[in-house]
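Each chain gets a letter, A, B and so on, in the order its sequence line appears, and its residues count up from 1.
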Number of protein chains: 2
Amino acid sequence: MTRRSPAPEAVKAWGRLMRVSRLLVEKTEYALKAAGLPPLAWYDVLHELAEAGEGGLRPFELIDRVLLAQYNVSRLLARLEADGLLEKLPVSDDGRGQTVRITPSGREMRRRIWVVYGASIAALMGDKLSAKELETLAALLGRLRDPLVGG
Amino acid sequence: MTRRSPAPEAVKAWGRLMRVSRLLVEKTEYALKAAGLPPLAWYDVLHELAEAGEGGLRPFELIDRVLLAQYNVSRLLARLEADGLLEKLPVSDDGRGQTVRITPSGREMRRRIWVVYGASIAALMGDKLSAKELETLAALLGRLRDPLVGG
DNA sequence: TCCTTATCGATGCAATTGCATCTATATGAA
DNA sequence: TTCATATAGATGCAATTGCATCGATAAGGA
């Protein structure tokens, strides 16, 4: 990390990015709460587990995907398990680990969250920019990802 | 909030926005921590207070500007005050409130944080996109702000 | 004036997060 | 095998956040 000072355009874009992302998260979390649903992080985990299918995922695989710290994943999984949304299975070839698999309730919860979450995305992004603009935005944001991060 | 489901472009842009903003915040917070400096939220407050000048700001004015909940601002100000970075003054025409003013130490701390924060912005945004692209990004993000929010 | 309601800011308590560390198993070198 | 090191995941404890509410002052109508 060099010690140069940033271009004014960079500062402006940074400020907008920080402010807008927080605003959108806040509004979405609020909508979920108002609907009596759990927070976004739960959706992220359920989404990844649903994608992973019956084979499930190891917690350490989840860590990369959901961008949470190890201890946060550990505790989040414990909460989801307590709610019956996923199950932890021992993994045969590694006694340290476990495999986490989504349950039918978990899939149902994911679906219920998506009704509100998806609507929030539609209202907060889809209604504000055209498809072309959304693609431009996604492309520009993609260039800000760490080169080490694929996808 | 309608119950429509979002366009694929909206979902993709949303995902990028969520992921990139978290990634950039994380990297910046890490850089600050590594330099023995306080978190970004401290900078935000010190920045606003520095802009406000000797007249200071009322806490409720700060709430809009830094996009934090009232109780978070209340406690954040208490921490900054405990560190001597700001002072709270009674306000003559409103017995309920106070005015918060930055101290010289506060200005110095703001400057020190900016060395690292600014460098982080330069590295994470300035180096990744051209000035023109940064302007496009800022303009698109600007359109995502709530219409109620000015600026 | 009196009373009701609104606003400003603080705070008790529970939940969550961050940090450091722990236990247990795996891996790899000697 | 044996020991040192690395990795998977959990957890004790402190700090922070979120929620609800409080105390105090203001504002506005009867």
Side-chain angles (χ1 to χ4, degrees), chain A residues 22-23 25-45 48-49 52 56-83 86-101, chain B residues 22-23 25-45 48-49 52 56-83 86-101:
Chain A
R22 276 199 286 170
L23 193 62
V25 167
E26 189 178 276
K27 282 173 184 273
T28 303
E29 293 282 15
Y30 180 82
L32 289 173
K33 215 167 298 177
L37 293 167
L40 279 181
W42 288 42
Y43 181 84
D44 291 345
V45 169
E48 295 300 335
L49 291 180
L57 283 178
R58 300 286 300 267
F60 72 86
E61 296 175 296
L62 217 39
I63 290 171
D64 313 328
R65 289 173 167 75
V66 300
L67 212 58
L68 288 175
Q70 181 270 322
Y71 53 82
N72 277 329
V73 168
S74 175
R75 293 197 262 224
L76 182 49
L77 291 178
R79 280 173 226 145
L80 290 167
E81 185 187 26
D83 270 38
L86 57 80
E87 51 193 349
K88 296 180 175 179
L89 310 164
V91 55
S92 56
D93 61 341
D94 188 342
R96 296 167 303 181
Q98 55 192 304
T99 289
V100 176
R101 189 167 62 191
Chain B
R22 276 200 287 172
L23 193 62
V25 167
E26 189 178 275
K27 282 172 182 273
T28 303
E29 294 283 14
Y30 180 82
L32 289 172
K33 215 167 298 176
L37 293 168
L40 279 181
W42 288 42
Y43 181 84
D44 291 346
V45 168
E48 295 300 335
L49 292 180
L57 283 178
R58 298 286 301 267
F60 72 87
E61 295 175 296
L62 218 37
I63 290 171
D64 312 328
R65 288 173 167 77
V66 299
L67 212 57
L68 289 175
Q70 182 270 320
Y71 54 81
N72 278 329
V73 168
S74 175
R75 294 198 261 224
L76 182 50
L77 291 178
R79 280 173 227 148
L80 290 166
E81 185 187 25
D83 271 37
L86 58 79
E87 51 193 350
K88 295 180 175 179
L89 310 164
V91 56
S92 56
D93 62 341
D94 187 341
R96 295 167 302 181
Q98 54 191 302
T99 288
V100 176
R101 189 166 63 191

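- Put simply, the side chain of B/Asp94 reaches to within 4.5 Å of the side chain of B/Arg58, judged on heavy atoms.
- If you check every strand for non-hydrogen atoms under 4.0 Å, A/Gln70 touches a base.
- Across every non-hydrogen atom of B/Leu57 and B/Ala52, the tightest pair is CG-CB, 3.5 Å.
- Across all non-hydrogen atoms, the minimal contact from B/Glu48 to B/Leu62 is CB-CD1, 3.7 Å.
- Rounding to whole angstrom units, CG of residue B/Leu80 and P of C/dG9 are separated by 15 Å.
- To the nearest angstrom, P of C/dA26 lies 9 Å from CG of A/Asp93.
- When each of A/Gly95 and A/Ala69 is assigned the nucleotide of DNA chain C bearing its nearest heavy atom, the one mapping closer to the 5' terminus is A/Ala69.
- In this structure, B/Glu61 places its CD atom 16 Å from P of C/dT7, rounding to the nearest Å.
- Nearest approach of B/Leu67 to A/Leu23, heavy atoms of both residues: CD2-N, 4.1 Å.
- Rounded to an integer number of Å, the gap from A/Arg75 CZ to C/dC22 P is 16 Å.
- To the nearest angstrom, C1' of C/dT11 lies 13 Å from CG of B/Asn72.
- Two residues are said to be in side-chain contact when any heavy atoms from C-beta on lie closer than 4.5 Å; A/Tyr30 and A/Glu26 fail this criterion.
- Here the nucleotide nearest the side chain of B/Arg96, chosen from C/dA6, C/dG9, C/dA26, is C/dA6.
- Closest-nucleotide positions on DNA chain C for A/Trp42 and A/Asp94 were compared, and the one nearer the 5' end corresponds to A/Trp42.
- Chain A approaches DNA chain D within less than 4.0 angstrom (heavy atoms of the protein), and the contacting nucleotides run 5' to 3' from D/dT7 to D/dC19.
- Between B/Pro38 and B/Leu32, the closest heavy-atom pair is O-CD1, 3.6 Å.
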